[in-house]
Protein chains: 2
Amino acid sequence: MNYLIQSLKIVTQEGVFKKDPESSDLGRKIVGESILLIDELGFESFTFKKLGVRIGSNESSIYRYFESKHMLLLYLASWYWGWTEYKLVFFSANIADPKEKLEKAIEILSENILEDKNFSHINEVALHRIIINEYSKSYLTKDVDNENSQGYFSVYKRLVLRLREMIHAVNPQYTFSLSLASTVLEGIFHQQFLRDHFPTITNCNDELTSHDFFTDLVFNCLTISK
Amino acid sequence: MNYLIQSLKIVTQEGVFKKDPESSDLGRKIVGESILLIDELGFESFTFKKLGVRIGSNESSIYRYFESKHMLLLYLASWYWGWTEYKLVFFSANIADPKEKLEKAIEILSENILEDKNFSHINEVALHRIIINEYSKSYLTKDVDNENSQGYFSVYKRLVLRLREMIHAVNPQYTFSLSLASTVLEGIFHQQFLRDHFPTITNCNDELTSHDFFTDLVFNCLTISK
DNA sequence: CAAAAGTGATAGTAAAACTATTATTTTTGC
DNA sequence: GCAAAAATAATAGTTTTACTATCACTTTTG
C-alpha cells in the first residue's frame with residue numbers, strides 16, 4: 001500500500017479503552033505487540049502477563065489502557081473494520097458505475113492483505129488473521145446486547161451498511177440487501193478459514209478465491225431478482 | 001416432532017468423550033443438564049463445577065466422561081449435526097425432484113427447531129441456541145488442525161457434503177457448490193444470531209426468515225450460472 | 001522545580017481447570 | 001447372596017488466569 005496520508009488515524013469507539021493507546025509509546029507498543037502475540041498464541045492462550053513480558057513492561061500498566069483482553073479484542077477489531085471501511089471508501093470513491101463499484105468493494109474486502117505504511121506499529125497481515133480466527137468471539141458472548149448498546153460494534157455495522165448501499169445501488173428491488181451484505185462480509189472470512197483448515201468443504205484455494213465465489217454469488221442474486 | 005423411532009442413537013465421533021455418556025444415567029444427565037446450563041450461562045461462564053452442583057454430582061465424576069468443557073462442546077455439536085443430518089436425510093428421502101429436494105433441505109436447516117421426543121434427555125431447542133452462540137468457538141482454536149485430523153468435525157463436514165450433493169444435483173455446472181453449501185449452513189445460523197442481536201444489519205425477522213433469504217440466494221446462484 | 005501524571009514492582013485474591021487419592025456406593029458375575 | 005469390580009463421591013491440592021491494590025519511582029509539564 002502506498003497511499004500515504006499524513007497523520008491518518010483510525011478512530012474507534014469511545015469506551016473500548018480506558019486510555020487511548022494512540023496517545024503514548026507504551027500504548028502503541030501494547031497494540032502492536034498484542035497483535036503479534038494473539039496471532040502467535042491464539043486469543044485463549046494470550047494473557048496480559050505474557051504481553052507484559054514481551055514488551056518489557058508491566059501487566060498493571062497494560063490494565064491502565066484496557067480493562068480486559070476482551071476489550072482489547074474489541075479495540076483491535078474496531079481498528080481493523082475502521083481501516084477496511086477507509087479502504088473501501090477511498091478506493092471505490094471515484095467509480096460512478098454501481099456495478100463496477102460493488103465489484104471493487106468485494107475485491108477490497110476479499111483481497112490479500114498487504115501492510116499499510118500509514119500505520120507503522122500495526123501489522124495488518126497478522127491482524128487480518130486475528131479477524132479470521134477470533135472476531136466471532138468478540139460478539140458471541142452473553143454481554144453482546146449491552147456492549148452493542150454501548151456502540152462497541154458500530155464500526156462493523158457501518159461497514160455492512162456501506163456494502164448494503166452499494167448492493168442497493170445495483171438493484172433497488174432486491175429484498176435482502178442487508179442480509180446479503182452481512183452474509184458476504186462474514187462469508188469472505190469464513191471461506192478463508194475453511195481454505196486453511198477445512199479444505200474439503202470449500203472451493204476456495206489459491207486459484208479460485210473467495211473473491212471469485214462472492215462476486216459470482218452477489219451478481220447472481222442481483223441480476224435475477226424481481 | 002412425532003416420528004418416533006425405537007432405539008435411535010446419534011453416533012458421534014470416537015474420542016470426543018472418555019466414556020460414552022449414553023451408557024449411563026449420569027452420562028445422560030451430564031449431557032442433558034450441560035445443554036441447559038451452557039444455554040443459561042454461556043460457554044465462558046459454564047464450568048464442570050457448576051454443572052456438578054446442578055446435577056447433584058461431583059466435578060470429578062464429570063471429568064470421567066469428558067476431558068474438558070471444550071470436548072463436551074465438540075460432543076454436543078456433533079450430536080446436533082448428527083441429528084440435523086438425520087432429519088435432512090429422513091425428510092428429503094422420497095423427494096425425487098432435485099430442486100424440490102434442495103428446497104426441502106434448506107427448509108429443514110433453517111426451520112424453527114422443535115423438541116424431538118426420540119431423545120428425551122436432550123433439549124433440542126436449547127441446543128440449537130448453543131449452536132448459534134457457541135459453535136464457532138469449537139473450531140476457532142489453535143488446535144483445530146489436530147482435532148480435525150482426529151475426526152472431531154467429521155459429522156459437520158458430512159452434513160456440508162450432503163448439502164453440496166443436493167446443490168450439485170440441481171446444477172452440475174455450478175463451480176462453487178462446496179462453498180455455497182458451507183456458506184449457507186454457516187449463514188443460516190449467523191443470520192439468526194443477527195436477527196436476535198444486530199437487527200440493523202439483517203433483513204431476517206419473524207416475517208422474512210433466513211429460510212426465505214437463503215432459498216432465494218441458492219436458486220439465484222444455480223439458475224443463472226453457466 | 002514542584003506537582004501531577006505515567007509507569008513499574010510487588011503482593012494478593014478468587015476462581016477456573018484441572019489431577020490425585022481415598023472412601024463409599026452400586027453393579028455384576030458366579 | 002456375596003465378593004470383586006466398577007462407578008461415583010468427597011476431599012484436597014496445583015497451576016494459571018484475570019484481575020485489584022498499594023506504593024515507589026520516573027518522566028512530563030505548567
Side-chain angles (χ1 to χ4, degrees), chain A residues 15-34 37-38 40-76 121 134 137-138 140-143 146-147 152, chain B residues 15-34 37-38 40-76 121 134 137-138 140-143 146-147 152:
Chain A
V16 260
F17 49 73
K18 280 158 78 174
K19 180 183 170 170
D20 188 352
E22 287 295 326
S23 70
S24 75
D25 272 0
L26 180 60
R28 278 184 295 270
K29 226 154 106 185
I30 288 171
V31 169
E33 285 295 320
S34 72
L37 200 54
I38 293 173
E40 260 175 52
L41 305 177
F43 189 66
E44 274 65 43
S45 302
F46 167 85
T47 69
F48 279 180
K49 189 157 203 175
K50 290 173 186 169
L51 178 60
V53 172
R54 177 82 157 237
I55 63 180
S57 181
N58 202 272
E59 201 189 352
S60 60
S61 304
I62 299 167
Y63 275 104
R64 260 180 230 107
Y65 286 85
F66 295 101
E67 217 170 286
S68 63
K69 69 174 182 172
H70 176 245
M71 295 311 275
L72 171 61
L73 181 60
L74 288 178
Y75 177 84
L76 295 179
H121 62 299
E134 323 287 358
K137 297 169 192 167
S138 78
L140 295 178
T141 68
K142 278 285 165 185
D143 211 30
N146 172 43
E147 289 181 354
Y152 297 168
Chain B
V16 257
F17 50 73
K18 280 159 78 176
K19 179 183 170 172
D20 188 351
E22 287 294 328
S23 71
S24 75
D25 271 1
L26 180 61
R28 279 184 295 271
K29 225 155 107 186
I30 288 171
V31 170
E33 285 294 320
S34 72
L37 200 55
I38 293 173
E40 261 175 51
L41 305 177
F43 189 66
E44 275 64 44
S45 302
F46 166 85
T47 69
F48 279 0
K49 189 160 202 174
K50 289 173 188 168
L51 179 58
V53 172
R54 178 82 157 240
I55 62 178
S57 181
N58 202 272
E59 201 190 352
S60 59
S61 305
I62 300 168
Y63 274 106
R64 255 178 243 108
Y65 286 85
F66 294 101
E67 216 171 288
S68 63
K69 69 174 181 173
H70 176 246
M71 294 311 275
L72 171 61
L73 181 60
L74 288 178
Y75 177 84
L76 295 179
H121 62 299
E134 323 288 357
K137 297 169 192 167
S138 78
L140 295 177
T141 68
K142 277 286 167 188
D143 210 29
N146 171 43
E147 289 182 352
Y152 297 168

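Chain letters run A, B, ... following the sequence lines, proteins first, then strands; residues in each count from 1. Values in this document were obtained by computation on a predicted structure and should not be read as measured data.
- For the pair B:S45 and B:K50, the minimum side-chain heavy-atom distance is below 4.5 Å.
- A side-chain hydrogen bond (donor to acceptor under 3.5 Å, both in side chains) with A:Y65 is found for one member of A:S23, A:S24, A:S34 and no other, namely A:S24.
- Remark: A:K29 is not in phosphate contact with C:dT7, judged by side-chain N or O atoms under 4.0 Å from OP1 or OP2.
- Within the 4.5 Å cutoff, the side chain of B:I38 has heavy atoms near those of the B:L76 side chain.
- B:T141 and B:D143 share no donor-acceptor pair across their side chains, judged by distance under 3.5 Å alone.
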Distances under 3.5 Å between nitrogen or oxygen atoms of protein and nucleotides 13-20 of chain C:
from: C:dC18; atom 1: O5'; to: B:Y63; atom 2: OH; distance (Å): 3.1

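- Between A:F48 and A:F46, the two ring planes are perpendicular [angle over 60°; tilted spans 30° to 60°].
- In terms of heavy-atom proximity, A:V16 sits nearest to A:M71 at O-CB, 3.5 Å.
- The footprint of chain B on DNA chain D, defined by a heavy-atom cutoff below 4.0 Å, extends from D:dA7 to D:dT11.
- As rounded to whole Å, 14 Å separates atom C1' of C:dA5 from atom CG of A:L26.
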Would you mind writing out the side-chain donor-acceptor pairs for residues 25-32 of chain A within the sub-3.5 Å range, not counting sequence neighbours?
from: A:D25; atom 1: OD1; to: A:R28; atom 2: NH2; distance (Å): 2.9
from: A:R28; atom 1: NH1; to: A:E22; atom 2: O; distance (Å): 2.8

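- Residue A:Y65 is in sugar-phosphate contact alone, with no base atom involved, counting any heavy-atom pair closer than 4.0 Å across all strands shown.
- Contact annotation: A:S57 side-chain N/O to C:dT7 OP1/OP2 distance is not under 4.0 Å.
- Salt-bridge check for B:K142 with A:E44: failed, with every basic side-chain N at 4.0 Å or more from each acidic carboxylate O.
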